Trainee: 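Sharing a structure, written as structure tokens. Questions coming.
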Protein chains: 2
Amino acid sequence: MTLTIKEIAKLAGVSKSTVSRVINDSEHVSDRARKKVKEVIQETGYVPNSLAKNLKRNKTDTIGVVLPKINTSTFSSAVEGISNIMYQKGYNLLLTNTKLNIKDEITYLKLLKEKRVRGIIFFATEITEEHIEVLKKIEIPVIIVGQDSSELLDYPCLIQDDFNAAASIVDYLVNAGHKKIAYIGVKESDVAVGKLRKKAYLKVLAENKLEIKKSYLYQGDFSIQSGYRGMKNILEKAEETPTAVFAVTDRLALGAIKFLKDKGFQVPADISVVGIGNSDISPWVVPEITTINYDHLKTGERAAEILLDCLDGGIHKTKEVMDYQIIERNSVRKI
Amino acid sequence: MTLTIKEIAKLAGVSKSTVSRVINDSEHVSDRARKKVKEVIQETGYVPNSLAKNLKRNKTDTIGVVLPKINTSTFSSAVEGISNIMYQKGYNLLLTNTKLNIKDEITYLKLLKEKRVRGIIFFATEITEEHIEVLKKIEIPVIIVGQDSSELLDYPCLIQDDFNAAASIVDYLVNAGHKKIAYIGVKESDVAVGKLRKKAYLKVLAENKLEIKKSYLYQGDFSIQSGYRGMKNILEKAEETPTAVFAVTDRLALGAIKFLKDKGFQVPADISVVGIGNSDISPWVVPEITTINYDHLKTGERAAEILLDCLDGGIHKTKEVMDYQIIERNSVRKI
DNA sequence: TTTATTTTTGGAACCGTTACCATAATAAAA
DNA sequence: TTTTATTATGGTAACGGTTCCAAAAATAAA
């Protein structure tokens, strides 16, 4: 049977109030009483019930996190970052994993409200009308991460500079002398990864007066496999073999490289490949993948910080853009 | 301002009790009352306070998860597995990330008790006296994952078959004709990964009357980098170059392969490398890494299931061993 | 219609804390 | 010593739900 404050009070020969004061390190407790109470707590192993406490105080120290998928390095690193900051500030994390299921997101948002979490970190892939509706009346501080919500919602958002990052790396290919650049991407309803990165690709090609061939374009999902298939597809369709491939994630790039090697192509001698995301394995494969580095851990940390500011009544609406760097390795040949 | 059940009652012209019955789908509510209450809830967007509910009911639907690190595929996959099962059963996950800091584990265990979580899934790396003490008096169902606690604690535990798995893959090397097999491992205080896998390596070598050279043994940490350094170290020290390397994780194997390639060795033509863990990238690098597959997602799911059984008053103490398979790819040369 | 039975309701106690207020004890000042 | 200020303490009312019980209303049986 779990002990309550009342029983501790009785054992220590004081009132509930005094025990409560000791637990919360309040003043106005005599040394004698404090010592006695601490002894009893130690002996009995009493642990206060935070449900009661939070109910009374009308707030919790829990932060809700809504994630589309947990077992990818992007998100798990971000969660690591969030937990770094939040635990240090005395908050803990209630995790919800939507498995890329939009409908679940709505459910989980409601669940977090039930739990009266102090704030919510929402990793968005898409923002639908329904999201907007639910988020608008949630009455809990929220920060949106990963998609630009600044025109839709009055919450702060934190995004990667997807457009410029993608433009930079495609630019890098062009500057290396490549003119036939293929594209392996994902569905455009994912604005950040699918739409913006593709848009940047198209823009850079157009700016440099390079032809945009339909056969150079492949749209898959987020799996490594999809990169493999994408590369296969492009090579089969294209009448002219591209000299470079822009994959919108490192995992897609890895899949593409694998296909090329399987078919006897040299990377980068025959075909260059770049990705985005700087996955932790990218420096360790051959060739080491040239990519864009986003610091997901830092993104998580920053998201946590912004949310904390909101809780302190600071920031209300901002749009913050995380920076990026090109990581030049050796999956690109200079022509 | 957040609404309470009282206000909903007033708006619907009924008592708190009736509103409560409607929320919980109890019987004994007239259709008229039920309809009215539902309307008001819909209009106002009322969401009940689960703190109050759980306090009264004296139980929560939250499962605590204690993790040593979240951003590695082992753990994030396991969490994915846990969440698959738990959400389906109406539980949610409170995540604590100890960042391999043993002291934090104790703190978090107490925190979870404060939160009155329904059960705890504890991913152990080491089990110290202090762990045992805290776990013994926690009064919450716990399942230990990853380390064999069956002789120390009265909780169920779920482990990988580390010894046999490692023995199998070293056996595989021996059967392929290798006689000079190096070892890249981690600290032995990690019983499962550090101690058992090394023990298996030593045993298989001994059984086959192969010499165990000190220069063939390297102990690092869990980073890819460590595999790289380990390989370097072994090659520098050993008077005779090994023909095969057993790395205790795929990440270590990846690092080792990278070093070999950097130095102009062919893998597997010159030196074979195997790992354990079947990381998601292992099939996609060149050479594809021969390894042992543990299904971490399934491990997470199974851990969740066992815990659920405990909650239902079923299982109390078991020791369950997850199985494994050798995944034969092409990082090993048959001599 | 009256009585018995069932269904629907509201009232109140309770879950384990905190926080306010009044009182008691102690220390300081007169 | 008495008065005043200060500190320590206990009692009690919340917090927002659930749940039991008794009363009221509706329905069925006599």
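Since the structure is predicted, the reported quantities are computational estimates derived from the model, not experimental observations. Lettering follows sequence order; numbering is per chain, from 1.
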Trainee: When you measure from every atom of DNA chain D, which of residues 38-50 of chain B have a heavy atom less than 4.0 Å away?
Mentor: B/Tyr46, B/Pro48, B/Asn49

Trainee: Identify, with sequence neighbours excluded, every residue that meets side-chain contact (heavy atoms from CB on, under 4.5 Å) alongside A/Ala12.
Mentor: A/Val14, A/Lys36, A/Val37, A/Val40

Trainee: Minimum heavy-atom separation for A/Cys157 and A/Asp148, please, with both atom names.
Mentor: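 For A/Cys157 and A/Asp148, the tightest heavy-atom pair comes out as SG-OD1, 3.9 Å.
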
Trainee: Using atom CD1 of A/Ile5 as one end and atom C1' of C/dT18 as the other, report the distance to the nearest whole Å.
Mentor: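 The distance from CD1 of A/Ile5 to C1' of C/dT18 comes to 8 Å, rounded to the nearest Å.
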
Trainee: Is the number of heavy atoms from other residues, nucleotides or ligands within 6.0 Å of CG (B/Asp312) greater than 12?
Mentor: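 Count over threshold, so yes.
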
Trainee: Look at the side chain of B/Ser149 and the backbone N and O of B/Pro156, then say whether any donor-acceptor pair between them is shorter than 3.5 Å.
Mentor: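 Answer holds: no.
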
Trainee: Using C1' atoms of five pairs at each end, report the bend of the helix from C/dT1-D/dA30 to C/dA30-D/dT1 rounded to 10 degrees.
Mentor: 50°

Trainee: Using the salt bridge (Lys or Arg N to Asp or Glu O under 4.0 Å) criterion, which residues pair with B/Asp154? Sequence neighbours excluded.
Mentor: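 If we apply the salt bridge (Lys or Arg N to Asp or Glu O under 4.0 Å) test to B/Asp154, skipping adjacent residues, the hits are B/Lys317.
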
Trainee: Can you name the side chain to side chain donor-acceptor pair (under 3.5 Å) partners of A/Asn58, sequence neighbours left out?
Mentor: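 Once residues adjacent in sequence are excluded, A/Asn58 has no partner under the side chain to side chain donor-acceptor pair (under 3.5 Å) criterion.
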
Trainee: Could you give all pairs that pass the ring-ring contact (aromatic ring centres under 6.0 Å, His included) test and reach residues 34-56 of chain A, with sequence neighbours left out?
Mentor: none

Trainee: Kindly write out the residues that satisfy side-chain contact (heavy atoms from CB on, under 4.5 Å) with B/Lys10, not counting sequence neighbours, or none if the list is empty.
Mentor: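 For B/Lys10 there are no side-chain contact (heavy atoms from CB on, under 4.5 Å) partners, ignoring immediate neighbours.
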
Trainee: Answer yes or no: is there a side-chain heavy-atom contact under 4.5 Å between A/Lys89 and A/Leu308?
Mentor: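 A/Lys89 reaches A/Leu308 side chain to side chain.
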
Trainee: From the 5' end of DNA chain D to its 3' end, which nucleotides mark the outer limits of contact with chain A, defined by a 4.0 Å heavy-atom distance cut-off (strictly under)?
Mentor: D/dT7 to D/dG16

Trainee: Could you give me the CA-CA distance, side-chain angles and deciding distance for A/Phe122 and A/Glu105, then say whether side-chain contact (heavy atoms from CB on, under 4.5 Å) is met?
Mentor: CA-CA 9 Å; A/Phe122 182 75; A/Glu105 292 185 357; 3.4 Å; yes

Trainee: Is it the case that the ring center of A/Tyr87 lies less than 6.0 angstrom away from the ring center of B/Tyr108?
Mentor: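 Centroid distance B/Tyr108-A/Tyr87: below 6.0 Å, so yes.
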
Trainee: Do B/Glu305 and B/Arg302 sit within salt-bridge range, that is, some charged N less than 4.0 Å from a carboxylate O?
Mentor: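 Yes, this pair counts.
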
Trainee: Of A/Thr4 and B/Arg32, whose nearest nucleotide on DNA chain C comes first from the 5' end?
Mentor: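 Nearer the 5' end of the strand: B/Arg32.
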
Trainee: Can you pull the salt bridge (charged side-chain N to carboxylate O under 4.0 Å, His left out) pairs that have at least one residue in residues 48-63 of chain B, sequence neighbours excluded?
Mentor: A/Lys115-B/Asp61

Trainee: Output, in order, the C-alpha distance, side-chain angles, deciding distance and verdict of side-chain contact (heavy atoms from CB on, under 4.5 Å) for A/Thr98 and A/Leu67.
Mentor: CA-CA 6 Å; A/Thr98 67; A/Leu67 280 180; over 6 Å; no

Trainee: What is the distance, to the nearest angstrom, from the NZ atom on B/Lys6 to the P atom on C/dA12?
Mentor: 13 Å

Trainee: Partners of B/Tyr294 by ring-ring contact (aromatic ring centres under 6.0 Å, His included), sequence neighbours excluded?
Mentor: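 ring-ring contact (aromatic ring centres under 6.0 Å, His included) check on B/Tyr294 returns nothing, list empty.
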
Trainee: Give the residues of residues 9-28 of chain B touching DNA chain D, defined as any heavy atom closer than 4.0 Å, sorted by residue number.
Mentor: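 The answer is B/Lys16, B/Ser17, B/Ser20, B/Arg21, B/Asn24.
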
Trainee: B/Glu114 has an atom CD; how far is it from atom P of C/dG16, in whole Å?
Mentor: 15 Å

Trainee: Under 4.0 Å from OP1 or OP2 of C/dT9: is there any side-chain N or O of B/Ser30 that close?
Mentor: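 Checking C/dT9 against B/Ser30, a side-chain N or O does come within under 4.0 Å of OP1 or OP2.
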
Trainee: What residues in residues 52-59 of chain A put a non-hydrogen atom under 4.0 Å from any atom of DNA chain D?
Mentor: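 The stretch gives A/Leu55, A/Lys56 as the residues lying under 4.0 Å from the strand, ordered by number.
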
